Amino acid sequence: MSWNMSRKRQLLILFSFSIGGLYLQSNLLQIPQCVCGNCHHSNDPWFSTRFNTSYHPLMTRNTSVVSAETFQWWKRLQNTRSGWEEYKKVVDEIFQMIPDKEMYRDAALERCRVCSVVGNSGNLINSHYGPMIDDGDFVLRINRGPTKGFEQDVGNKTTHRIIYPESAIDIDNSTHMVFFAFKMVDLKWLVSLFKQQNKLVKKTIKANMSLVMVASPRFMKYVHHQWLQKHGRYPSTGFMTLIMALHICDKVRVFGFGADKNGNWNHYFERIPPAYRTGIHGGNFEYDTLKELQKRNKLELYG
Ligand code: C5P
């Protein structure tokens, strides 16, 4: 074998070891390869004390079983009196009607799923963000935020609509409903929707039941405690949605968040009463956290 050949072979072996070493190191130290150019899990203590992948946003029948502490926390949100047995019964009924499937636990080095999270802020007016929003693989819209008539600023694609009973609107056949329950009657509302007998809550909506997902109370508590350090009575639906996006997507773009100059959560699609402020939610703390996430390159904030 010529000197040239053995030298080449040595270099090849060295190269293979370096690549193998890097791969092992990144796996052992859990430093992901950021194919999206945006790395959630980087070595950032501020982020890693908050972000925890063991808290999955969506519930399955198994993960609906939460600790007594979490259940008490959830019950206190809106003074639910009924107990664990009733919760179990309703959740059981729900999973007889919706898929009992672990969703979006498919993180992989080569995955590059882009989420557009669209809040309802008035700062979307004349933004022309529509095409950029629709460019996301997932477009998550919250509560009543409409698209019709606002396409230029908010786009027209909706893959997920995040709602709770009081904020529910009709959802088209190909869009996922992501349902947040803040009290027992909310879970019962979902059951009554399936059964088409809406005795409990007057309001009824259209939705494709095979695409319904239910947010986990454990995840809601995690957002309140770990991300918001208990600011506000509980997190806003919008803030929980953007933390969910960090959990299920590799790149997160955020639009339509931020109060008006008077500190009110104004809407792009309607005038709201003055001094609405941010209700029971820690609006300022949520927005500061959002800005911090942007500063640390964990998401892109537009608006
Ligand atoms: O007002 P609504 O709750 O429907 O808005 C959806 C979400 O958008 C809120 O939960 C909040 O997180 C966010 N929002 C905001 N600034 C506004 C309006 C809404 O950050 N001006």
Side-chain angles (χ1 to χ4, degrees), residues 50 57 77-78 115-127 129-130 133 136 138-150 153-155 158-171 175-183 186 203 205 215 219-224 227-247 252-294 298-303:
R50 286 161 179 79
L77 296 183
Q78 297 211 3
C115 265
S116 297
V117 179
V118 192
N120 289 334
S121 171
N123 68 20
L124 281 167
I125 298 169
N126 294 327
S127 66
Y129 285 146
I133 289 174
F138 286 180
V139 179
L140 301 105
R141 298 188 194 270
I142 302 149
N143 300 335
R144 291 182 298 122
T147 54
K148 200 160 185 283
F150 302 93
D153 293 331
V154 309
T158 309
T159 60
H160 297 73
R161 170 76 59 181
I162 289 77
I163 56 151
Y164 53 95
E166 289 83 353
S167 76
I169 55 165
D170 283 346
I171 297 176
T175 299
H176 287 280
M177 175 207 289
V178 180
F179 185 75
F180 275 87
F182 297 100
K183 50 192 183 305
D186 294 351
K203 193 170 180 182
I205 58 154
F219 177 79
M220 293 160 73
K221 177 169 170 260
Y222 148 75
V223 176
H224 191 220
W227 282 95
L228 296 180
Q229 289 150 40
K230 304 186 188 175
H231 283 80
R233 185 119 164 259
Y234 52 86
S236 73
T237 315
F239 189 80
M240 287 192 279
T241 303
L242 80 90
I243 300 300
M244 173 168 96
L246 287 175
H247 279 250
V252 176
R253 296 189 178 130
V254 180
F255 307 84
F257 278 68
D260 67 11
K261 60 179 184 345
N262 301 315
N264 292 317
W265 268 353
N266 58 344
H267 288 161
Y268 64 85
F269 53 91
E270 65 180 357
R271 283 176 68 83
I272 53 152
Y276 168 75
R277 314 241 12 131
T278 64
I280 51 173
H281 307 299
N284 289 341
F285 197 85
E286 290 190 5
Y287 197 68
D288 289 347
T289 308
L290 183 49
K291 297 278 273 187
E292 195 63 36
L293 282 162
Q294 179 197 32
K298 307 299 182 243
L299 48 74
E300 294 169 15
L301 176 59
Y302 295 90

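Order of listing sets the numbers, starting from 1, for every ligand and every atom in it. Treat the numbers as computed from the prediction; the structure is a model and nothing was measured.
Centroid-to-centroid, the aromatic rings of H231 and F239 stay 6.0 Å apart or farther.
When heavy-atom distances to ligand 1 are checked against a 4.0 Å cut-off, N266 comes that close through both its backbone and its side chain. Of the heavy atoms in F239, only backbone atoms (N, CA, C, O) come closer than 4.0 Å to ligand 1.
Of the candidates R161, M240, M244, M244 is the only one forming a side-chain contact (heavy atoms from CB on, under 4.5 Å) with V178.
Applying the side-chain hydrogen bond (donor to acceptor under 3.5 Å, both in side chains) test to every pair with at least one member in residues 263-274, sequence neighbours left out, gives these pairs: R144-E270, H267-E270.
Close N/O approach between F257 and ligand 1 is not found [any backbone or side-chain N/O within under 3.5 Å].
Using a 30° and 60° split on the angle between ring planes, Y222 and H247 fall in the perpendicular class, above 60°.
Among N143, L124, V118, the residue whose heavy atom lies nearest to atom 3 (O) of ligand 1 is N143. Residue G258 holds the heavy atom nearest to atom 15 (C) of ligand 1 of all those in G145, S167, G258, G119. Of the candidates L242, D260, N123, N120, N120 brings a heavy atom nearest to atom 4 (O) of ligand 1.
For K183, the salt bridge (Lys or Arg N to Asp or Glu O under 4.0 Å) partners at least two apart in sequence or on another chain are E166, D186.
Here the closest non-hydrogen pair linking L293 and I243 is CD1-CD1, 4.5 Å. Smallest separation of non-hydrogen atoms from E286 and S236: OE1-OG, 2.7 Å.
From the protein, the heavy atom lying nearest to atom 10 (O) of ligand 1 is G238 N, 2.9 Å. Among protein heavy atoms, the minimum distance from atom 1 (O) of ligand 1 is reached at H267 NE2, 2.5 Å. Of all protein heavy atoms, the one lying nearest to atom 12 (O) of ligand 1 is S236 OG, 2.9 Å.
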